[in-house]
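For reference, the structure discussed in these notes is given below.
Counting starts at 1 for both ligands and their atoms, following the listed order.
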Amino acid sequence: MIEYRNLRIAVLGAGSVGAQVAALLLQHADELAGRVGAGLELVGIAVRDLDAPRTADIPRELLTTDARSLILGADIVIEVMGGLEPAREYLELALTSGADVITANKALLATHGPELFAIAEQVGAQLYYEAAVGGAIPIIRPLRDSLAGDRVHRILGIVNGTTNYILDRMDQGGDSLEQALAVATELGYAEADPTADIEGFDAAQKAAILASLAFHTAVPVDGVHREGITGVTREQVAAAQRSGFVVKLLAVCERLVDPETGADGVSARVHPALIPTTHPLAAVHGANNAVFVEAEAAGSLMFYGAGAGGVQTASAVLGDLVSAARRHVVGGPGVAESTHADLPILPITSVTTRYQITLSVLDRPGVLAQIASVFSEHDVSVEAVQQSVVDPAADGQDGNAPGATLVIGTHRATEAALAATVAALADSPVVARVDSVLRVEGL
Ligand code: HSE
């Protein structure tokens, strides 16, 4: 029997996620009440435009443009409006008025997370955000709770569905980046302005959230090194395929030892990378997301599924709602953000990675030796070299035209050393062109 009073739920935003949250909340009200031990009463949905089209049927009388009054009368506020303002202001109002907050807003958390968590802690309210990374995929709670007793070393994430869709089309269908982007836009994966996705901003926000949780350290979004996919070519993707790799936009979060000081630190970076086709992340196709976690005791774990989509993301929001509502009913302190480790955030130059470098070189005696000496001068160890002869008709035969292509794989070295090696190769008289430089992960 349910004896607790109804809990008052406010939703901010009725876009593709908000409309589905409201619809599911109304549709499954009895079942959710059974799980929580109290009724969940949707008291209103704040929108900018009362007449905008919705992706789900929601009673018009629940819509309001007065977000502040709605927030002040709620026990739990669900923010699915996106953007930084007024979302930040609304969440601050909700928390200071004692409501628990659920948000799917990764940009807000990556930018204002620490101040919002501080307010939540101060007033004893909770801030839940499972939907902010990986849509429907449970990854926040596993990192915050299930793995809280372990030590996470590394996370490799495919956390942007649009770019995964584009790179997958380039890999599976031989599309150019422009062709694949056009299809992604047509299907609604990419926005009219695709910058946030293809330049890696969206993935960097998610990387900041994952790294903060995994390493108990507040990692701001501007501490994440970011490179997008706009430089990735069809030729690179095809060459990767020939050598047993696939190109993915990865969010890499690592706990490392600073090579300068010998002290522990953390790093978060987003960039295109080669991963072996045998790695579980290589099997993540289309617009799906996956987060591969390497932990000391648990070993390797992979969380996989739909990284976006209104109803899928609504599933994660409603999971948070049940947790937040249960806390109202049964009490307890809830979960606090853990930033106790407070490790230094290392710059990309301190990170160690492996590179695969493709060079067009002259085909004459001594060329390989000169190239090898560039690597050794920068203390970068070569792991493998593959040479193929270029069709002379393609590049002419004037003696200084490239005669061979070299694909050079390195062992791990610091980014600083690898970047300096590439710069020196570009200046070398025996190198006609540096065709491609990609980091290699997952080996
Ligand atoms: N635009 C994102 C993606 C979804 O393509 O994965 C929202 O984070």
| remark: Sorted by chain and residue number, the residues with a non-hydrogen atom under 4.0 Å of ligand 1 are Lys106, Asn160, Gly161, Thr162, Asp197, Asp202, Lys206, Ala308
| request: Please answer whether the main-chain N or O of Val36 pairs with a side-chain N or O of Arg326 as donor and acceptor at a distance below 3.5 Å. | output: yes
| task | Using distance alone, with no hydrogens and no angle criterion, decide if Ser360 and Asp435 have a side-chain donor and acceptor under 3.5 Å apart. | result | yes
| salt bridge (Lys or Arg N to Asp or Glu O under 4.0 Å) contacts touching residues 200-213 (sequence neighbours left out) | Lys106-Asp202, Asp202-Lys206
| task | For residues 12-32, pull every pair meeting ring-ring contact (aromatic ring centres under 6.0 Å, His included), keeping only residues two or more places apart or in separate chains. | result | none
| said: Quick test of your reading: applying salt bridge (Lys or Arg N to Asp or Glu O under 4.0 Å), list the pairs with at least one residue in residues 301-324, sequence neighbours left out, ordered by first then second residue. | reply: Arg141-Asp320
| said: Among Ile166, Val247, Val246, which residue satisfies the side-chain contact (heavy atoms from CB on, under 4.5 Å) criterion with Asp171? | reply: Val246
